[in-house]
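In what follows, every heavy atom counts, from backbone to side chain, and hydrogens, waters and symmetry copies are set aside. Counting begins at 1 with the first residue of the sequence. Not measured: the values here are computed from a predicted model.
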Amino acid sequence: MSDNYYQDNDSYPNNQGSSNRYSLNESQLNEPQTSQSNQYGEYSQYGQSNQTNSYYNQYEQQMQAQSGYQNSQYGAFQNNYYAAQQKTVLNGGYSSASEATVREVLTNSFLYMFLGLLVTGIISTFFANKILETGYFNVPAFFVALALEFVVVIAAQSAMKNNNVTLSYILFFAYSAINGFTLSIVLIAYTSESVVSVFFICAAVFGVMAAFGALTKLDLTNMGSILMVGLFGLIIACIINIFLGSERIDYIISIVGVVIFVGLTAYDTQKIKTLASTHTGYSPAVIGIWGALELYLDFINLFLKLLRLLGKRR
């Protein structure tokens, strides 16, 4: 501002001429510090704005309040929440589950798989004995059961995606029961001794590869992609060989099938661990039943391929 303003403005408390407008006389020093107001706000006797001091004091109070909030129990909770949220983003959108949860999911997967195999074995043995006793096999019911298997598997996967625990259990064991009926025709083609021996061989191979998938530090994602491509190729080869009826091609398909399902056993086991540790929004029971379905399919297909290679026909 210009000097003329201070000379002409009588409301300014220190207006004693342009030469001493910033100086204080002895009486002013002894007076109490009071504020006078003008159009630019409140000014103290020293010419300093009390309004500015007020803003500074408010800022200081806010900083002290914020410091107290951060040091409080609730503030610490918020800080931990934001840290966990940042970790969630870094993990690809999922928060990490504890090791105990991962172990629980793996345990449930193998437990449900075993129970599913038990249901399949009981029902297949029952119908196989009936067929051998009566000599009659219901062919239309067999094809209906094959079609129903696909429907039940799709419905089971949908229930698992929707985190429906009860429906997932029901559909999984329903599939195990239906598969027991369709496998009965396979069991009557081989002797009981060879079926039992191949089952234990399959269980041993399956157990080794499952342990490898659960314990290895290697990332099996690339191997899984290759195995899935090989699986689709195997299905196409099986369809083609239905029309060709070649025993040699069927033998080669069985060997390739053993290799694929041995690898898929390790891959699916590791995949169950990955899903259990990242998809914390899903119930561990649902992930466990999903893993059981994957492992069940691996075991059944591995068993059938080994039975084709090692089983003794009646």
Side-chain angles (χ1 to χ4, degrees), residues 83-120 153-154 156-173 175-176 202-232 234 257-303 305:
Q85 191 178 41
Q86 184 180 14
K87 183 183 291 186
T88 297
V89 173
L90 295 176
N91 285 338
Y94 301 103
S95 58
S96 298
S98 64
E99 293 183 2
T101 301
V102 176
R103 288 195 297 269
E104 177 187 356
V105 170
L106 275 177
T107 302
N108 289 340
S109 295
F110 285 105
L111 175 62
Y112 301 149
M113 182 205 72
F114 172 77
L115 294 176
L117 290 174
L118 184 62
V119 171
T120 300
V153 167
I154 294 173
Q157 291 177 344
S158 177
M160 294 169 193
K161 289 181 180 179
N162 293 326
N163 212 19
N164 192 326
V165 179
T166 303
L167 186 58
S168 298
Y169 279 125
I170 294 173
L171 292 175
F172 171 73
F173 288 108
Y175 175 78
S176 301
C202 179
V205 175
F206 181 89
V208 170
M209 296 309 298
F212 173 75
L215 300 176
T216 184
K217 300 299 182 180
L218 299 175
D219 186 2
L220 304 180
T221 304
N222 293 331
M223 185 183 78
S225 302
I226 296 173
L227 291 172
M228 291 304 297
V229 173
L231 179 60
F232 283 111
L234 187 69
V258 168
V259 175
I260 289 176
F261 288 107
V262 164
L264 282 176
T265 299
Y267 167 73
D268 286 335
T269 304
Q270 187 180 81
K271 187 176 180 181
I272 294 168
K273 287 183 60 181
T274 303
L275 291 177
S277 62
T278 57
H279 287 64
T280 53
Y282 284 89
S283 168
V286 167
I287 301 177
I289 201 70
W290 178 88
L293 179 61
E294 294 292 313
L295 296 175
Y296 174 91
L297 293 173
D298 292 338
F299 188 95
I300 289 295
N301 284 282
L302 179 61
F303 172 73
K305 300 305 178 185

- Task: Evaluate the criterion side-chain contact (heavy atoms from CB on, under 4.5 Å) for residue pair M209 and D298; output intermediate values, then yes/no.
- Result: CA-CA 11 Å; M209 296 309 298; D298 292 338; over 6 Å; no
- For side-chain contact (heavy atoms from CB on, under 4.5 Å), just list the numbers for W290 and K271, CA-CA rounded to whole Å, side-chain angles, deciding distance to a tenth of an Å, and then say yes or no. CA-CA 11 Å; W290 178 88; K271 187 176 180 181; 3.8 Å; yes
- Decide yes or no on side-chain contact (heavy atoms from CB on, under 4.5 Å) for L234 and F261, but give the supporting numbers first. CA-CA 11 Å; L234 187 69; F261 288 107; 4.2 Å; yes
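A pairwise comparison of heavy atoms in A292 and S109 identifies CB-O, 3.3 Å as the closest pair. The two residues A159 and L171 make their nearest non-hydrogen contact at CB-CD1, 4.3 Å. Closest non-hydrogen pair, L297 versus Y175, comes out as CD2-OH, 3.2 Å. The two residues I272 and G291 come nearest to each other via the heavy atoms CD1-CA, 3.4 Å. Considering every non-hydrogen atom in both F110 and L295, the closest pair reads CE2-CD1, 3.7 Å.
When the ring pair (Phe, Tyr, Trp, His ring centres under 6.0 Å) test is applied to F206, the partners found at least two apart in sequence or on another chain are F299. For T265, there are no side-chain hydrogen bond (donor to acceptor under 3.5 Å, both in side chains) partners, not counting sequence neighbours.
Considering N164, N108, N163 as possible partners of V286, the one that fulfils the side chain to side chain contact (heavy atoms under 4.5 Å, CB included) test is N163.
In this model, a donor atom of one side chain and an acceptor atom of the other lie less than 3.5 Å apart for Y112 and Y169.
Within the model, atoms OH of Y296 and CG of N301 stand 10.0 Å from one another, a figure rounded to the nearest 0.5 Å. One finds the CD1 atom of I287 at 11.0 Å from the OG atom of S168 (value rounded to the nearest 0.5 Å).
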Name each donor-acceptor pair under 3.5 Å that joins a side chain in residues 218-229 to protein atoms two or more places apart or in another chain, with its distance.
unit_1	atom_1	unit_2	atom_2	d
D219	OD1	T221	N	3.1
D219	OD1	T221	OG1	2.6
S225	OG	T221	O	3.3

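With hydrogens and angles ignored, the 3.5 Å screen pairs no side-chain donor or acceptor of K273 with any backbone N or O of V102. For T120 (side chain) and S176 (main-chain N/O), a donor-acceptor pair under 3.5 Å exists by modelled atom type.
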